[in-house]
Amino acid sequence: MTYSCKYHVVFCPICGRIQHAKDRNYICRCGYHTHRDLLGAINICNSTEYIGNRYTA
């Protein structure tokens with residue numbers, strides 16, 4: 001399964017605010033900060049897609 005990284009790095013996993021990373025570091029207004037690639041991986045792991053009759057993450 002492939003994922004598009006286009007929108008995975010804009011959601012803060014703490015407050016859910018949509019905000020683009022200005023450089024390699026993501027800093028949210030709620031105070032959460034991490035590396036942009038790590039945030040993308042976290043958001044992919046936290047998302048689920050319904051495909052056919054099974055759930056995949």
Side-chain angles (χ1 to χ4, degrees):
M1 173 162 291
T2 61
Y3 289 94
S4 171
C5 297
K6 187 174 183 179
Y7 298 106
H8 287 291
V9 293
V10 298
F11 294 104
C12 175
I14 303 302
C15 69
R17 180 175 280 131
I18 297 172
Q19 181 172 322
H20 291 278
K22 296 196 188 291
D23 57 7
R24 300 296 293 170
N25 295 312
Y26 176 88
I27 302 171
C28 184
R29 285 188 255 163
C30 73
Y32 179 77
H33 57 90
T34 189
H35 191 273
R36 179 174 74 178
D37 293 341
L38 179 59
L39 177 65
I42 290 168
N43 286 338
I44 288 172
C45 288
N46 290 338
S47 69
T48 57
E49 285 186 23
Y50 183 74
I51 299 174
N53 60 358
R54 63 189 173 108
Y55 285 97
T56 62

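Along the sequence shown, the residues carry numbers beginning at 1. Quick note: numbers below take in every heavy atom, side chains included, and nothing from hydrogens, waters or symmetry partners.
The two residues Leu39 and Phe11 come nearest to each other via the heavy atoms CD1-O, 3.7 Å. Taking all atoms of both residues into account, the shortest heavy-atom contact from Cys15 to Cys12 is N-SG, 3.5 Å. Contact detail for Arg36 and Ala21: the closest heavy-atom pair is CD-CB, 3.8 Å. Here the closest heavy-atom approach between residue Cys30 and residue Arg17 is recorded as N-NH1, 3.7 Å.
Heavy atoms of other residues, nucleotides or ligands lying less than 6.0 angstrom from NE2 of His33 number 12 at most. Within a 6.0 Å radius of CZ in Arg24, other residues, nucleotides and ligands contribute more than 12 heavy atoms.
To the nearest 0.5 Å, atoms OH (Tyr26) and CD1 (Ile42) are separated by 11.0 Å.
Val10 has its side chain out of reach of Gln19: every pair of non-hydrogen atoms, C-beta onward, lies at least 4.5 Å apart.
Note on Ile14 and Leu38: same hydrophobic cluster, where clusters join Ile, Leu, Val, Met, Phe, Trp and Tyr whose side-chain heavy atoms are under 4.5 Å apart, directly or indirectly.
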